[in-house]
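Here the structure comes first, spelled out in structure tokens, and everything after it is commentary.
For ligands, and for the atoms within them, numbers begin at 1 and follow the listed sequence. All of these numbers come straight from a predicted model, not from anything done at the bench.
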Amino acid sequence: MSGSMAAIDGAEVAKHNTKRSCWIVLDSKVYDVTSFLSKHPGGAAIILKQAGTDATEEFKKYHPLDYVNDLPPGSLLGPVDPNTFGELRTAKEEKATSASNADTEKEIPHPTLCVSCADFKKAAKAVMPRKSYIYASTSANTGHSLRTNLDDWGRINFRPRVMRDVGDVDTRRAIFGHSSLYPFYISPMGTLGAIHSGAEPEMVRGAVRKGAHMVVSTASSKSAEQIMQTFHDEQTRLKNASPTQLFYQFYMPVDRKRAVALMHIVKKCGYKGLWITVDTPVLGKRTADRVLQAEETLAVGLEEESTAEWEAAEENAFSPAFGGRVVAGQLSPHTTWRDLAWIRKEWDGPIVLKGIQCAEDAKLACEYGCDGILLSNHGGRQLHTAPSALMTLLEIRTYCPEIIGKMEIFLDGGLRDGSDVLKALCLGATAVGVGRPFLYALAAYGSKGVERCVDVLADELALGMRLLGVTALDQLRPEMVNASRLLNEMWRPEAAGLKSRL
Ligand SMILES: Cc1cc2nc3c(=O)[nH]c(=O)nc-3n(C[C@H](O)[C@H](O)[C@H](O)COP(=O)(O)O)c2cc1C
């Protein structure tokens, strides 16, 4: 391969810095990415900013390095002459994120001063490059789905019991038999390299030190193997005293062979379950990301691409990673319930469908033999005006309560307080996922922040249990919450002029 190819002068690479001829260096090799520009799911501007430069560091923030193998055949031109590295161009200053370096020097409060999830967001906002903050905080369309997620937790009240000796409380909960110290886990979030230089391994270290489970994203900046290696290293350091386990979130690749190969890697690594994301057949409209992308396009002098071109590029090529669109073919809009049959043959561990949003699909998942469902609208990043996970759980309780107990039921979206976790558990959830608070904690403080965020949620959880009058999570009951406000708003087939087929 590049070993037998002639070395290319850095000065030559530097000349190819336009959309007509765009070369970049990745891991000391030169690639001609001109034909790939229009296909890059994250937009041409991101690559053009790196044209004629060594883009390795920027690339690694978002993808494992072996993703270069997905570039069109013939892209690899040869190794860069090591003596001429200095002649490469320096990447264009990112206008949209030019404040970032100044920002990272900003003082932020000591992590101990973070006493609620909102504090991590504030600290993160102060240090994160604008682009990364937009990636984390963006949501679909007008932001309605995200607001609903956040608001619905507050629309359920507790019905506490008193005088019940709550001196000691036990917050442990198992997921598929794997005990965790808490009934919450860290939700899968892609491209953490854009959030913190330690990326996913940094998050894993924090999780392991605190005994919290974590679901790792397919769209991670590091490979499934690298992330698992960190897990083992940290466990060894702690003399295997942490109950933490890693599960794997699966975006179904378009190509079935690739899907199977990835599943086998994940299994071999020792991930304890497959969380298949089903709410992302296509990418939602991440409004703030789109604005940023348009700014970047203008900043590098590219005209707006036509909508038709976008659609052609997105057909099979988007990924929900950075800016929502990263790796060609990583996700298939063609997946159906029938696919569960071959997935089951290839994966012999627990399967969870992530992104169930109505009682009918919850029931189907049970009929198809899934081990779990995650009620989620992807943190409000996919469908505009989607239901909150709580509303979906109430639908399940009303229309197909028999599935509770047959499958493990998880919820995520908008959980910002340990007592929110209790509400989900009262209504039958096994455990809940928490996303952005951990991401912000990582951005601001690295693994120390992740640890602190676990502590904050755990403290609120234990406090909530005592004030609610329970000492163990299996004492939580539906009658300990008043969900009548949400129930009043719940979808009713009769009201819609339909006969329930559930
Ligand atoms: C920055 C970011 C990246 C995400 N990446 C993924 C992903 O790669 N795969 C996935 O299934 N869900 C992804 N999600 C959704 C989360 O797994 C989870 O459903 C959501 O964040 C929960 O909502 P919360 O952030 O309000 O807690 C992402 C969410 C965020 C905020």
Side-chain angles (χ1 to χ4, degrees), residues 61-63 117-118 120-121 124 128 131-140 143 145-153 184-196 199-200 203 213-222 224 227 247-253 273-281 283-284 286 288-289 318-327 330-331 335 352-357 373-383 386 388-390 392 410-418 420-421 424 431-443 453 457:
K61 278 191 205 165
Y62 307 120
H63 321 289
C117 284
F120 295 109
K121 184 173 181 183
M128 283 170 92
K131 184 169 173 168
S132 304
Y133 183 74
I134 286 175
Y135 163 57
S137 58
T138 192
S139 56
S145 298
L146 175 59
R147 280 195 301 277
T148 306
N149 286 353
L150 293 163
D151 290 349
D152 276 1
W153 294 106
F184 55 83
Y185 64 85
I186 303 177
S187 291
M189 287 171 287
T191 47
L192 294 183
I195 302 302
H196 186 275
E200 293 79 13
M203 186 79 100
H213 291 337
M214 172 169 160
V215 183
V216 170
S217 164
T218 305
S220 290
S221 312
K222 304 286 177 195
I227 296 168
F247 303 84
Y248 196 80
Q249 175 271 322
F250 196 61
Y251 278 129
M252 184 68 66
L274 201 64
W275 259 239
I276 304 173
T277 298
V278 292
D279 60 15
T280 314
L283 191 84
R286 314 269 163 94
D289 260 345
F318 66 84
S319 140
F322 195 75
R325 309 166 195 88
V326 169
V327 183
Q330 198 181 54
L331 198 134
T335 307
V352 175
L353 298 188
K354 175 178 189 287
I356 295 292
Q357 294 165 81
I373 47 175
L374 167 50
L375 315 181
S376 167
N377 61 26
H378 213 107
R381 293 158 83 84
Q382 283 296 105
L383 180 67
S388 67
L390 253 182
T392 307
F410 308 98
L411 273 73
D412 78 20
L415 283 137
R416 301 292 180 264
D417 193 295
D420 294 339
V421 181
V432 301
V434 178
R436 292 182 185 85
F438 281 110
L439 183 147
Y440 293 134
L442 176 77
C453 190
L457 288 168

(request) Over 60° means perpendicular and under 30° means parallel, so classify the ring planes of W275 and F410, tilted if in between. (result)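 It falls in the tilted class, 30° to 60°.
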(message) One residue to check: R286. Relative to ligand 1, which of side chain, backbone, both or neither has a non-hydrogen atom less than 4.0 Å away?
(response)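 Neither; nothing of R286 gets under 4.0 Å from ligand 1.
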Any donor-acceptor pair under 3.5 Å from [X] side chain to [Y] backbone:
X    : Y    : answer
S139 : R381 : no
T138 : Y135 : no
T191 : G193 : no
Q249 : P188 : no
W153 : A424 : no

For [X], the ligand 1 atoms whose distance to one of its heavy atoms is below 4.0 Å:
X    : value
L439 : 1 (C)
S376 : 19 (O)
A136 : 1 (C), 31 (C)
T277 : 10 (C), 11 (O)

Could you check whether any heavy atom of [X] sits closer than 4.0 Å to an atom of ligand 1, since that is the contact criterion I want to use?
X    : answer
Y251 : yes
N149 : no
D412 : yes
G433 : no

(request) Check whether any side-chain heavy atom of Y440 sits under 4.5 Å from a side-chain heavy atom of M128, and report yes or no. (result)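 Yes - at least one pair of side-chain heavy atoms lies under 4.5 Å apart.
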(message) A side-chain contact here means heavy atoms from C-beta on lying under 4.5 Å apart; do K354 and D412 qualify?
(response)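 In short, these two side chains touch, coming nearer than 4.5 Å.
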From the candidates [options], the one that places a heavy atom nearest [atom]:
atom                    : options                : value
atom 12 (N) of ligand 1 : Q382, K354, Q249, R381 : K354
atom 16 (C) of ligand 1 : P188, G435, S132       : P188
atom 8 (O) of ligand 1  : S217, G355, S137, G413 : S217

(request) With sequence neighbours excluded, tell me which residues meet ring pair (Phe, Tyr, Trp, His ring centres under 6.0 Å) with Y248. (result)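 Applying ring pair (Phe, Tyr, Trp, His ring centres under 6.0 Å) to Y248 gives Y271.
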(request) Please say whether H378 places an N or O atom under 3.5 Å from an N or O atom belonging to ligand 1. (result)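 Checking ligand 1 against H378, an N or O pair does fall under 3.5 Å apart.
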(message) With nothing but distance in play, are any N or O atoms of P437 less than 3.5 Å from an N or O of ligand 1?
(response)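 It does not: no N or O of P437 is found under 3.5 Å from an N or O of ligand 1.
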